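First the proteins, then the strands, lettered A, B, ... as listed; each starts at 1. None of the values given here were measured: they were computed from a predicted structure.
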Number of protein chains: 2
Amino acid sequence: MQISEASSKCGLSSDTIRYYEKSGMLPEVGRGGDGNRRFSQENIEWLTLLYWLRETGMSMAQMRRFTRLAKAGPATVSERRRILMDHSEQLHVRRKMLDRCETVLAVKIASYRERSPEDRN
Amino acid sequence: MQISEASSKCGLSSDTIRYYEKSGMLPEVGRGGDGNRRFSQENIEWLTLLYWLRETGMSMAQMRRFTRLAKAGPATVSERRRILMDHSEQLHVRRKMLDRCETVLAVKIASYRERSPEDRN
DNA sequence: TTACACGCTTGGAGCTACTCTAAGTCAAGC
DNA sequence: GCTTGACTTAGAGTAGCTCCAAGCGTGTAA
């Protein structure tokens with residue numbers, strides 16, 4: 001599978017995939033006789049995980065660390081699990097932010113509805 | 001109120017407040033006789049709203065547009081309400097992303113738990 | 001009165017995480 | 001043989017901060 005198909009399967013753009021590879025966030029990606037990248041099913045699964053981690057705010061530094069651990073083999077499984085569990089907690093923090101913002105917006109929108117005598121910002 | 005107090009009240013750093021002002025995302029901020037910025041209660045409310053919009057992913061371009069409309073006066077209220085309502089919908093999209101990511105993480109974490117014969121990435 | 005600290009000011013450099021562009025290679029189809 | 005299209009690289013450009021240096025004005029302490 002070439003890069004554009006990989007891109008449409010994992011959700012990251014081709015540019016981002018190349019950038020992630022250069023930044024050490026992918027395990028070895030093979031090349032065909034034409035010199036182009038060939039993505040395996042495992043590669044796609046990895047990219048898809050990165051897509052979700054990025055989409056929910058994990059830093060590249062953390063993703064790089066996660067990749068390094070995965071490359072190091074099964075001995076690092078517990079450390080990797082820790083990273084994912086920590087990120088899972090981050091998701092709760094973010095959800096709370098969304099909830100609070102929704103309240104803030106609701107109040108602001110309501111203030112726009114009532115036609116007050118003074119200018120409402 | 002000077003910038004550091006404003007910063008601690010709205011949640012944006014002093015640097016970010018100055019940056020936002022320079023980028024046309026604040027209505028006029030007054031200056032004291034010493035040449036330093038003086039923030040009014042209205043300023044703080046505006047900054048706090050920007051804090052929430054940023055925190056939940058609104059682009060600077062959109063925030064700038066929102067500010068421009070607010071400066072233009074009450075005639076733009078309905079357009080501003082539209083912006084906030086659109087952003088409110090965005091929050092739902094983001095929440096769904098968090099939910100899906102949580103599922104992805106749960107699956108991955110579970111795969112780490114079962115000690116499989118092959119190396120699990 | 002001089003000395004130093006503190007909080008503010010500006011302009012500009014540096015950083016993260018992409019995103020886009022230019023210039024080139026290679027294989028397939030006409 | 002020529003064009004088209006997907007790929008390659010290096011490197012420039014962008015968004016949104018974040019930090020730093022150099023300088024100014026006020027306040028306390030010696």
message = Does the protein touch nucleotides 14-23 of chain D at the base, only the backbone, or not at all? Give it as B, S and - per nucleotide, heavy atoms under 4.0 Å.
response = --BBSB----

ask   = Could you give the CD-to-P distance, from A:Glu21 to D:dC7, as a whole number of Å?
value = 14 Å

query = Between atom CG of B:Leu47 and atom CD of B:Glu45, what is the distance when rounded to the nearest 0.5 Å?
reply = 10.5 Å

Distance-only criterion, 3.5 Å: show the donor-acceptor pairs between side-chain atoms of residues 25-37 of chain B and protein atoms not counting sequence neighbours.
unit_1: B:Arg31; atom_1: NH1; unit_2: B:Gly35; atom_2: O; d: 3.0
unit_1: B:Asp34; atom_1: OD1; unit_2: B:Asn36; atom_2: N; d: 3.1
unit_1: B:Asp34; atom_1: OD1; unit_2: B:Arg38; atom_2: NH2; d: 2.9
unit_1: B:Asp34; atom_1: OD2; unit_2: B:Arg38; atom_2: NH2; d: 2.6
unit_1: B:Arg37; atom_1: NE; unit_2: B:Glu21; atom_2: OE1; d: 2.6
unit_1: B:Arg37; atom_1: NH2; unit_2: B:Glu21; atom_2: OE1; d: 3.0

request  = Step by step, work out the side chain to side chain contact (heavy atoms under 4.5 Å, CB included) result for B:Gln2 and B:Glu5.
outcome  = CA-CA 6 Å; B:Gln2 301 229 118; B:Glu5 197 185 343; 5.7 Å; no

key: Rounded distance (Å) that lies between atom C1' of D:dG5 and atom CD of A:Glu5   = 16 Å

request  = Take atom CD of A:Glu55 and atom C1' of C:dA17, then tell me their distance rounded to the nearest Å.
outcome  = 13 Å

Between C:dG7 (P) and B:Ile3 (CD1): distance, integer Å = 14 Å

Table please: side-chain donor-acceptor pairs of residues 82-93 of chain B below 3.5 Å, with sequence neighbours left out.
unit_1: B:Arg82; atom_1: NH1; unit_2: B:Asp86; atom_2: OD1; d: 2.8
unit_1: B:His87; atom_1: NE2; unit_2: B:Thr56; atom_2: OG1; d: 2.9
unit_1: B:His92; atom_1: NE2; unit_2: A:Glu102; atom_2: OE2; d: 3.2

inquiry  = With a 4.0 Å limit, can you tell me whether B:Ser4 has a side-chain N or O closer than that to the phosphate oxygens OP1/OP2 of C:dC8?
reply    = yes

message = Tell me the interatomic distance from A:Arg31, atom CZ, to C:dT25, atom C1', rounded to whole angstroms.
response = 13 Å

inquiry  = If you compare every side-chain N and O of B:Arg37 against the phosphate oxygens of C:dT9 (OP1, OP2), does one of them come in below 4.0 Å?
reply    = yes

ask   = How many angstroms lie between atom NZ of A:Lys108 and atom SG of A:Cys101, to the nearest 0.5 angstrom?
value = 12.5 Å

ask   = Of A:Gln2 and A:Lys22, whose closest DNA chain D nucleotide lies nearer the 5' terminus?
value = A:Gln2

query = Which whole-number value in Å describes the distance from B:Met1 CE to C:dG7 C1'?
reply = 16 Å

inquiry  = Could you measure the distance from the NZ atom of B:Lys9 to the CZ atom of B:Phe39? Nearest 0.5 Å is fine.
reply    = 12.5 Å

query = Can you check the A:Ile17 CD1 to D:dT9 P distance for me, whole Å?
reply = 13 Å

query = Charged N to carboxylate O under 4.0 angstrom, A:Arg18 versus A:Asp15?
reply = yes

query = Expressed in angstrom and rounded to an integer, what is the separation of B:Arg38 atom CZ from D:dT26 atom P?
reply = 11 Å

